[in-house]
*Asks:* 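The structure follows.
Since we're looking at a predicted model, the values are computed, not measured. We use all heavy atoms of the structure for the numbers below, so side chains are in, but hydrogens, waters and symmetry mates are not. Naming: A, B, ... by sequence-line order, numbering from 1 per chain.
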Amino acid sequence: MLAKRIVPCLDIKDGKTVKGINFVNFRDAGDPVELGAQYSREGADELVYLDITASHEGRKTFTELVKKVAANISIPFTVGGGINELKDVDRLLSAGADKVSINSAALRNPKLIEDIAKNFGSQVCVVAIDANYENNDWICYLNGGRIPTEKHLFQWAAEAESLGAGEILFTSMTHDGVKDGYANEALATLAENLHIPIIASGGAGKMEHFRDTFTLGKADAALAASVFHFGEIGIRDLKHYLREEGINVRL
Amino acid sequence: MDVAIVKYNAGNIYSVNYALKRLGIEATITADPELLNKADKVIFPGVGEAETTMNYLKEQKLDVIIKNLKQPVLGICLGMQLMCRYSEEGDVNCLGIFDTDVKRFIPQKHEDKVPHMGWNTITQVKDGLFNAELENQFVYFVHSYYVPVNEFTAATTEYIHPFSASLHKDNFYATQFHPEKSGSVGEIILNNFLKL
């Protein structure tokens, strides 16, 4: 049976791991390759590396980091941040990444999804959506949650799927950093609407939150950052807990 | 040991090369028939689309070279599918090493997502690439097409229905999953291949 996935996310700035609380106020959390290797040993199923430095220099540093990750880590990993065109995708896949995650660039130019799927296959293309719950609606945001758009979560996710997205990574800005659980109601609606895997993101604080996002939220994978970086939840402990709760995970 | 990786327009050549490096092997990435023929082991990786890739292999005359190799050969993912007779992906005839066809996954219920992506278990594992401890271990898959269970099946996985996670015939071995991305279990499988 296909296992539910646990995915630690590492936000990278100038070659180091950081994590935002509600997308601002960063705290340092270690060396990205070391941290990734440690997560892999503890039983992480995949890793996500997000480049949050937008500068040209930062991008070069990040590409070098991707090469080091590919050389040292034997589980799949996704990279995102600063991907605006096909040649960015080519550069990162050539450096050894398994998948790319696109966010603002896809909102600005949805055709990019189609181009990635055609050139590299749908399985490579993760569409990340940052959305905030406001006025009884889920509104998609650009630029790491700074600029609201006209797009609504469910419509945009369906559009992304039809254009060839291989997975949806949905971050609830409403839940991110609050550590009170994932946006399970919205996640379950996405699961009902779509036919591609959904990665839940934003809100993990306790082990129960992971269980709930797999059962109530029907997510295929759960992403988290700070609870892992600061050792609040151990990945091995989490997986044992989930298996005891009847959820199929890789041990 | 002299290990050659078939060089062509496949997506995971470098991942396979990195995995071999972690095992202490410096492989040669090549499309040179002479180097492929004289290698102790040949790995035929693959991520991409069947028809495009088959056309490329034919243009480069790699199709004839691969199916006539005599040393242990390991096909991975699309590499395994291309070693079969025919693929529904692009409606294309393949190398015909394994006398079986490649079919597209058809979802039976809403939860059946295609591609089959993530970690799944291998069962009924056979000697060669596998040892008994690998029964029920998790490996990493990403694919939308599958090889049904047949006389060459060397490991089985269940997704929508049982399918071939691995094939074996004579000196030809193949995995639908990615050993190069399957953590420590994948390393054991690659090591088993290198020991053949």
Side-chain angles (χ1 to χ4, degrees), chain A residues 1-7 37 39-47 66-78 89-90 93-99 117-126 161 166-168 191-199 218 220-221 239 248-251, chain B residues 9-23 46-50 52-53 77-78 89 105 107 109-121 123 136-145 157-160 162 177-190:
Chain A
M1 204 167 114
L2 188 62
K4 299 287 189 183
R5 289 172 273 156
I6 298 296
V7 186
Y39 288 148
S40 171
R41 286 192 293 272
E42 284 176 19
D45 297 301
E46 269 181 54
L47 301 170
V66 170
K67 286 182 190 164
K68 280 188 210 152
V69 173
N72 287 289
I73 294 175
S74 58
I75 59 169
F77 70 102
T78 302
V89 177
D90 194 26
L93 295 178
S94 302
D98 298 286
K99 310 180 204 178
K118 272 201 189 129
N119 282 275
F120 305 102
S122 280
Q123 80 284 348
V124 155
C125 184
V126 180
E161 179 182 27
E167 282 180 296
I168 299 290
E192 275 157 35
N193 292 350
L194 305 184
H195 302 86
I196 52 177
I198 293 152
I199 306 164
K218 299 179 180 161
D220 298 281
K239 290 188 131 186
N248 183 40
V249 288
R250 177 179 72 110
L251 278 174
Chain B
N9 57 341
N12 63 336
I13 286 183
Y14 295 98
S15 304
V16 171
N17 194 36
Y18 279 133
L20 292 173
K21 276 189 185 167
R22 289 193 290 270
L23 298 173
V47 168
E49 195 269 337
T52 318
T53 310
C77 196
L78 180 65
E89 185 179 29
F105 275 125
K109 53 186 193 297
H110 184 74
E111 293 75 37
D112 296 337
K113 299 174 181 184
V114 178
H116 171 225
M117 186 193 294
W119 297 82
N120 207 332
T121 47
T123 59
N136 276 317
Q137 291 292 320
F138 282 94
V139 290
Y140 187 77
F141 291 88
V142 184
H143 60 125
S144 299
Y145 292 79
T157 292
E158 174 89 31
Y159 187 69
I160 303 178
F177 56 87
H178 289 275
E180 77 279 13
K181 286 285 163 184
S182 295
S184 53
V185 171
E187 283 178 7
I188 295 171
I189 293 165
L190 284 175

*Asks:* Who among Trp119(B), Phe138(B), Tyr159(B) has the most heavy-atom pairs with chain A under 4.5 Å?
*Replies:* Trp119(B)
*Asks:* Who wins among Arg41(A), Lys218(A), Lys67(A), Lys4(A) for the most heavy-atom pairs under 4.5 Å with chain B?
*Replies:* Lys67(A)
*Asks:* Heavy atoms only, distances under 4.5 angstrom: which of Arg5(A), Met1(A), Gln123(A) has the most pairs with chain B? Name it, please.
*Replies:*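 Ranked by heavy-atom pairs under 4.5 Å with chain B, first place is Met1(A).
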*Asks:* Return yes if some donor-acceptor pair links the side-chain N/O of Gln137(B) with the main-chain N/O of Val185(B) below 3.5 Å, else return no.
*Replies:* no
*Asks:* Indicate the ring-plane relationship of His116(B) and Phe141(B), choosing parallel, tilted or perpendicular according to the 30° and 60° boundaries.
*Replies:* tilted
*Asks:* Look only at the side chain of Ser182(B) and the backbone of Tyr140(B), and say whether a donor-acceptor pair between them is shorter than 3.5 Å.
*Replies:* yes
*Asks:* Give, as side chain, backbone, both or neither, the part of Asp220(A) having an atom under 4.5 angstrom from any heavy atom of chain B.
*Replies:* side chain
*Asks:* Check Leu2(A), Ile6(A), Asp45(A) against Arg250(A) for a side chain to side chain contact (heavy atoms under 4.5 Å, CB included) and give me the one that passes.
*Replies:*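 Only match with Arg250(A) under side chain to side chain contact (heavy atoms under 4.5 Å, CB included): Asp45(A).
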*Asks:* Side chain, backbone, both or neither: which part of Ala221(A) has a non-hydrogen atom closer than 4.5 Å to chain B?
*Replies:*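 Neither part, no heavy atoms under 4.5 Å.
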*Asks:* Could you tell me which portion of Glu49(B) (side chain, backbone, both or neither) has an atom closer than 4.5 angstrom to a non-hydrogen atom of chain A?
*Replies:*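 For Glu49(B), neither part sits under 4.5 Å from chain A.
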*Asks:* Under a 4.5 Å heavy-atom cut-off, does chain B meet the side chain of Val249(A), its backbone, both or neither?
*Replies:* backbone
*Asks:* Test side chain to side chain contact (heavy atoms under 4.5 Å, CB included) on Ile189(B) and Phe177(B) and set out the steps.
*Replies:* CA-CA 11 Å; Ile189(B) 293 165; Phe177(B) 56 87; 3.8 Å; yes
*Asks:* Is it the case that the side chain of His110(B) and the backbone of Ala191(A) share a donor-acceptor pair, with hydrogens and angles ignored and the cut-off at 3.5 Å?
*Replies:* yes
